[in-house]
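Taking it in order: structure first as structure tokens, then the write-up.
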Amino acid sequence: MTILIIILSIILIALLMVFIAYKESDKIILRNTKRSQITVFPDQLKLEFERVIFKNSDGITLKGWFIPSEQESSKTIVFMHGWGMNKGTILQNTAFLRRKYNLFYFDFRGSGESGEGLSSIGYLEIRDAKAAIEKLIETRPDACKEIGLYGLSMGAAVAIYEGSHNDLVKCVVAEGCYYSYEKVVARWARLHKHTPYFPLVALALYFAKKRLGMDPEDFSPKYNIEKLNGKPVFIINGADDTLSPRHDARKLYRRAKEPKQIWIVPNATHTEVADVAGQQYKNRLNEFYDKYL
């Protein structure tokens with residue numbers, strides 16, 4: 001009888017772990033029910049802008065802002081925000097680039113003003129980026145004869161993928177970029193939920209792959225950055241970033257082909273480089289885009 005109780009207890013514990021792991025997979029591929037609200041808008045910064053509405057290949061409505069350059073330009077920078085963020089998150093730290101370039105900000109699926117949709121921390125968001133660039137080309141061909149990308153956190157991973165698969169993209173800035181999909185999920189679970197990789201995170205990743213019908217790891221930046229094939233890339237990372245640590249940034253840099261740059265900013269945590277570096281941040285971005293876009 002004692003042995004039977006032990007066996008049944010083990011089975012119940014195993015089933016409970018499987019159930020918890022399945023629910024945890026929601027956090028990997030589903031958007032949080034409480035999305036972050038946009039608190040910074042172009043008109044607050046006294047910027048001229050146009051609202052842009054378009055659909056991705058999944059039929060989800062996405063919304064963005066097109067901000068024309070202060071001087072007429074055929075060059076546009078497309079901005080991609082991080083997971084749980086929105087287009088307003090990066091607007092105030094990058095709007096200075098309109099001095100010479102058109103700027104296009106948009107919300108990924110399930111973020112900001114865009115429609116609901118399954119999220120995947122990068123893989124499905126690639127479709128959103130593709131749709132954003134196609135919309136630009138369709139509606140503003142003279143303004144985007146040359147395209148640069150800027151991505152923050154998850155957006156950086158998407159920017160690297162899009163840059164490596166789109167001939168119209170001339171250069172990429174990747175800030176706070178993760179190296180591997182599986183590793184960033186495991187690190188987030190450890191930092192925010194104190195969840196061990198085995199068995200819960202491993203099982204949650206397994207369920208996420210099954211529910212997506214593919215393995216998002218295959219779309220990780222570590223597999224795509226070298227496919228930029230000579231397109232300039234600027235890797236930016238906070239020295240105190242615990243989610244996308246500086247050693248991951250250096251690994252991405254080693255995989256990238258020339259021309260490439262890397263900047264590890266002292267005392268900066270994840271997505272906080274602009275706040276810490278101040279004017280130097282503006283100078284470095286201006287120098288990169290002026291040289292390569």
Side-chain angles (χ1 to χ4, degrees), residues 27-32 34-42 44-45 47 49 51-54 56 60-67 76-98 101-133 135-136 147-163 169 172-178 181 184 188 216 219 221 234-238 241 243-244 268-275 281 285 289:
K27 297 174 183 176
I28 299 175
I29 64 172
L30 298 179
R31 175 59 60 201
N32 291 332
K34 187 177 180 180
R35 67 172 72 191
S36 63
Q37 297 298 307
I38 299 176
T39 57
V40 180
F41 293 84
Q44 290 175 291
L45 303 179
L47 300 175
F49 75 104
R51 296 186 184 276
V52 182
I53 301 175
F54 57 102
N56 62 17
I60 300 169
T61 299
L62 307 177
K63 296 185 178 182
W65 302 320
F66 180 82
I67 301 175
T76 295
I77 302 173
V78 180
F79 295 85
M80 305 179 195
H81 63 76
W83 191 89
M85 301 178 184
N86 56 62
K87 57 184 180 289
T89 309
I90 52 179
L91 172 64
Q92 61 184 352
N93 289 326
T94 54
F96 66 90
L97 289 163
R98 69 184 288 266
Y101 308 104
N102 306 304
L103 312 179
F104 184 45
Y105 301 81
F106 70 95
D107 290 316
F108 285 120
R109 60 185 66 205
S111 302
E113 299 175 312
S114 288
E116 292 295 342
L118 202 63
S119 175
S120 66
I121 319 182
Y123 162 63
L124 294 174
E125 288 76 9
I126 288 169
R127 302 176 189 177
D128 302 344
K130 185 174 185 292
I133 293 175
K135 181 67 174 181
L136 271 180
I147 295 173
L149 303 182
Y150 168 98
L152 180 65
S153 191
M154 175 190 75
V158 176
I160 287 173
Y161 183 90
E162 183 64 21
V169 174
V172 176
V173 172
E175 180 180 334
C177 186
Y178 63 78
Y181 176 86
V184 77
W188 185 91
F219 295 80
F234 185 16
I235 298 168
I236 303 173
N237 219 84
D241 191 333
L243 186 60
S244 300
T269 56
H270 191 61
T271 73
E272 299 297 328
V273 169
D275 295 331
Y281 181 81
L285 285 188
Y289 286 120

*Only one of F104, F106, F41 clears ring-ring contact (aromatic ring centres under 6.0 Å, His included) with W65; which?*
F41

*Within-4.5 Å side-chain heavy-atom neighbours: L152 and E175*: yes

*Shortest non-hydrogen contact from S111 toward M85*: CB-O, 3.6 Å

*Main-chain N/O of Y123 paired with Y181 side-chain donor or acceptor, under 3.5 Å*: no

*For the residue pair H270 and S153, what are the closest heavy atoms and their distance?*
NE2-OG, 2.8 Å

*Side chain of D128, backbone of F108: donor and acceptor closer than 3.5 Å?*
no

*Taking atom CE of M154 and atom NE2 of H81, what is their separation to the nearest 0.5 Å?*
6.0 Å

*Is a donor on one side and an acceptor on the other found under 3.5 Å between the side chain of N237 and the backbone of S244?*
yes

_In the structure I gave you, are the side-chain heavy atoms of F66 and N102 within less than 4.5 Å of one another anywhere?_
yes

*Which pair of non-hydrogen atoms, one from I60 and one from E116, has the smallest distance, and what is that distance?*
CG2-O, 3.6 Å

*Can you check side-chain contact (heavy atoms from CB on, under 4.5 Å) on T271 and L243, steps first, answer last?*
CA-CA 10 Å; T271 73; L243 186 60; over 6 Å; no

*How many angstroms lie between atom CD of E125 and atom CG of N56, to the nearest 0.5 angstrom?*
10.0 Å

*How many angstroms lie between CD1 in I77 and CG in L285, if you round to the nearest 0.5 Å?*
8.0 Å

*Look up atom CG in L97 and atom OG1 in T76, then write down how far apart they are to the nearest 0.5 Å.*
12.0 Å

_Between Y289 and Y150, is the side-chain contact (heavy atoms from CB on, under 4.5 Å) condition met? List the steps._
CA-CA 10 Å; Y289 286 120; Y150 168 98; 3.3 Å; yes

*Quick check: does any side chain N or O of S114 sit under 3.5 Å from a backbone N or O of K63, one acting as donor and the other as acceptor?*
yes

*Specify the closest pair of heavy atoms between S36 and G84, including all atoms of both residues, with the distance to one decimal.*
OG-O, 2.9 Å

*Within the side chain of R109, is there an N or O that forms a donor-acceptor pair under 3.5 Å with the backbone of L124?*
yes

*List the atom of C177, the atom of A157, and the distance in Å for their closest heavy-atom pair.*
SG-N, 3.7 Å

*Under the side-chain contact (heavy atoms from CB on, under 4.5 Å) rule, what do I133 and L149 come out as? Steps first, then yes or no, please.*
CA-CA 10 Å; I133 293 175; L149 303 182; 4.1 Å; yes

*Going by an N to O cut-off under 4.0 Å, is there a salt bridge joining D107 and K87?*
yes

_Are the side chains of V184 and W83 in contact, using a 4.5 Å heavy-atom criterion?_
no

*Can you name the closest pair of heavy atoms from Y161 and F219 and give their distance?*
CE1-CD2, 3.5 Å

*Could you go step by step and tell me if L62 and K135 meet the side-chain contact (heavy atoms from CB on, under 4.5 Å) rule?*
CA-CA 11 Å; L62 307 177; K135 181 67 174 181; over 6 Å; no

Which atom pairs, one a donor and one an acceptor, fall under 3.5 Å between side chains of residues 88-95 and the rest of the protein, sequence neighbours left out?
residue	atom	partner	partner atom	Å
T89	OG1	N86	N	3.1
T89	OG1	N86	O	3.0
T89	OG1	N86	OD1	3.4
T94	OG1	I90	O	2.6
T94	OG1	Y105	OH	2.8

*Are side-chain heavy atoms of V169 and V78 found at a separation under 4.5 Å?*
no

